[in-house]
Amino acid sequence: MAQFNRKRTAETAENAESAATTAPAATAAVLDADPGLAALTGDYTIDPAHSSIGFTVRHAMVTNVRGTFGAYEGTLRLDGSEPSRSTASLDVEIASIDTGIADRDGHLRSADFFDAESFPQMTFRSTAAERVSGDRYRITGDLTLRDVTKPLTIDLEFHGSATDVYGAERVGFEGSAEILRSDWGLTWNAALETGGVMVSDKVKLLFDISAVKAAPQA
């Protein structure tokens, strides 16, 4: 009888281990199986008139400077049935940087920072996507800046979909990512008399995206 009980106990432990192993996969399947999201599958173009690509960076150790890029193009390929198949592409014109101060914008465009004349674009190409939970997603890809390419992960929140007054179907996402600008060769700085530096190495990238679905091909 004792031997039989040990066998049942071992079987129970194996079953529990198997359940624990399959649970994440089952959860992922539930997350992905959303009929409402499946209806959104398609190709989208980012609408610059209703979107924003920007950043914040600590200045003089005490405050944040905020800026945006006014010229960019981007596309999304959304797969609502299987979000991991979704892709994103973004091309940003460096010369369009705007922090509200013309002299500062000129310095940012110079070789001290972005060197917009030599490297006119910043690009992002996705390599992986996942639905984390609910309306939260994560997209990973390659960010190229100043001819340096490094991986970037963007955390996104899906704000929903709507049909606008012109009949266009839209989706909205808001996201952010943190980078060290020195990883892309933006190393200029100045020491402060009170200690610290003029510009933080850490930069927060901000994405507020409205994208329009392409019309079905006839």
Side-chain angles (χ1 to χ4, degrees), residues 45-77 86-130 132 136-157 173-211:
T45 300
I46 294 176
D47 176 11
H50 299 93
S51 301
S52 176
I53 308 293
F55 62 89
T56 64
V57 61
R58 183 75 69 180
H59 176 261
M61 310 295 292
V62 297
T63 190
N64 286 319
V65 167
R66 294 169 172 80
T68 59
F69 294 94
Y72 51 85
E73 295 181 349
T75 58
L76 308 174
R77 170 63 184 174
S86 298
T87 61
S89 174
L90 181 65
D91 297 320
V92 179
E93 299 298 327
I94 295 298
S96 70
I97 193 168
D98 182 6
T99 65
I101 305 293
D103 287 346
R104 180 168 58 206
D105 295 342
H107 190 198
L108 290 171
R109 295 185 190 106
S110 76
D112 282 346
F113 285 95
F114 289 103
D115 195 357
E117 185 174 348
S118 301
F119 309 103
Q121 284 194 331
M122 172 174 63
T123 65
F124 177 79
R125 300 290 184 268
S126 67
T127 56
E130 62 176 315
V132 179
R136 298 193 175 276
Y137 294 79
R138 182 171 293 129
I139 189 163
T140 301
D142 293 325
L143 177 67
T144 300
L145 179 60
R146 287 181 60 108
D147 210 25
V148 176
T149 301
K150 290 185 175 293
L152 176 71
T153 296
I154 305 170
D155 289 317
L156 295 163
E157 182 176 0
F173 292 90
E174 184 175 5
S176 63
E178 288 189 352
I179 65 170
L180 298 179
R181 61 188 178 91
S182 59
D183 287 344
W184 281 266
L186 281 77
T187 57
W188 184 92
N189 228 320
L192 302 175
E193 291 183 4
T194 54
V197 293
M198 181 70 75
V199 185
S200 171
D201 191 23
K202 184 169 68 175
V203 179
K204 187 173 185 179
L205 304 179
L206 303 171
F207 306 88
D208 199 348
I209 301 298
S210 176

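Quick caveat, the model's predicted, so the values are computed rather than measured.
Counting only heavy atoms from C-beta outward, the side chains of Ile46 and Ile53 never approach each other to under 4.5 Å. Side-chain contact check for Ser86 versus Tyr137: every heavy-atom pair is 4.5 Å or farther apart. At a threshold of 4.5 Å between non-hydrogen side-chain atoms, the residues Leu180 and Lys202 count as touching. Contact annotation: the side chain of Val199 approaches that of Arg181 to within less than 4.5 Å [non-hydrogen atoms, C-beta and beyond]. Proximity of Asp142 to Thr127: side-chain heavy atoms (C-beta onward) are separated by under 4.5 Å at one or more points. Contact check for Ile94 versus Leu145: side-chain heavy atoms found under the 4.5 Å cut-off.
Other residues, nucleotides and ligands place more than 12 heavy atoms under 6.0 Å from the CD atom of Glu174. A 6.0 Å sphere centred on CD of Glu157 holds more than 12 heavy atoms belonging to other residues, nucleotides or ligands.
We find the CZ-CG distance between Phe173 and Asp155 to be 13.0 Å, quoted to the nearest 0.5 Å. Interatomic distance, CZ of Phe55 versus CD1 of Ile179, reported as 10.0 Å (0.5 Å rounding). Atom CG of Asp115 and atom OG of Ser110 lie 7.5 Å apart (nearest 0.5 Å). In this structure, CD in Glu93 is found 10.0 Å from CE in Met122, a value given to the nearest 0.5 Å. To the nearest 0.5 angstrom, Ile154 atom CD1 is 11.0 Å from Leu206 atom CG. A distance of 8.0 Å separates CG in Asn189 from CG in Asp201, rounded to the nearest 0.5 Å.
Identified under the ring pair (Phe, Tyr, Trp, His ring centres under 6.0 Å) test for residues 174-202, with sequence neighbours left out: His107-Trp188, Phe113-Trp188.
Residue Ser96 comes nearest to Ala71 through the heavy atom pair OG-N, 3.0 Å, listed as atom of the first residue, atom of the second, then distance. When all heavy atoms of Met61 and Gly195 are compared, the closest pair comes out as CG-O, 4.3 Å. Closest non-hydrogen pair, Ala111 versus Arg146, comes out as O-NH1, 3.5 Å. Of all the heavy atoms in Leu152 and Ala177, the pair that sits closest is CD1-CB, 3.7 Å. Across all non-hydrogen atoms, the minimal contact from Leu192 to Val197 is CD1-O, 3.5 Å.
No donor-acceptor distance shorter than 3.5 angstrom exists from the side chain of Arg138 to the backbone of Val132, with no hydrogens or angles considered.
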Side chain to side chain donor-acceptor pair (under 3.5 Å) between Ser210 and Asp47, worked out | CA-CA 6 Å; Ser210 176; Asp47 176 11; 4.9 Å; no
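A search for side-chain contact (heavy atoms from CB on, under 4.5 Å) contacts involving Asp98 returns Thr68, Asp105, not counting sequence neighbours. Judged as a ring pair (Phe, Tyr, Trp, His ring centres under 6.0 Å), and not counting sequence neighbours, Phe124 has no contacts. Applying the side-chain contact (heavy atoms from CB on, under 4.5 Å) test to Asn64 and every residue at least two apart in sequence or in another chain returns Arg58, Arg66. Annotation: salt bridge (charged side-chain N to carboxylate O under 4.0 Å, His left out) contacts of Arg104 (sequence neighbours excluded): none. Evaluation of the side-chain contact (heavy atoms from CB on, under 4.5 Å) rule for Thr87 yields Arg77, Ser126 as partners, not counting sequence neighbours.
Checked by atom type, the side-chain pair Thr153/Thr140 shows a donor-acceptor distance below 3.5 Å.
Of the residues Asp91, Leu90, Val92, Leu143, the one that meets the side-chain contact (heavy atoms from CB on, under 4.5 Å) test with Thr123 is Asp91.
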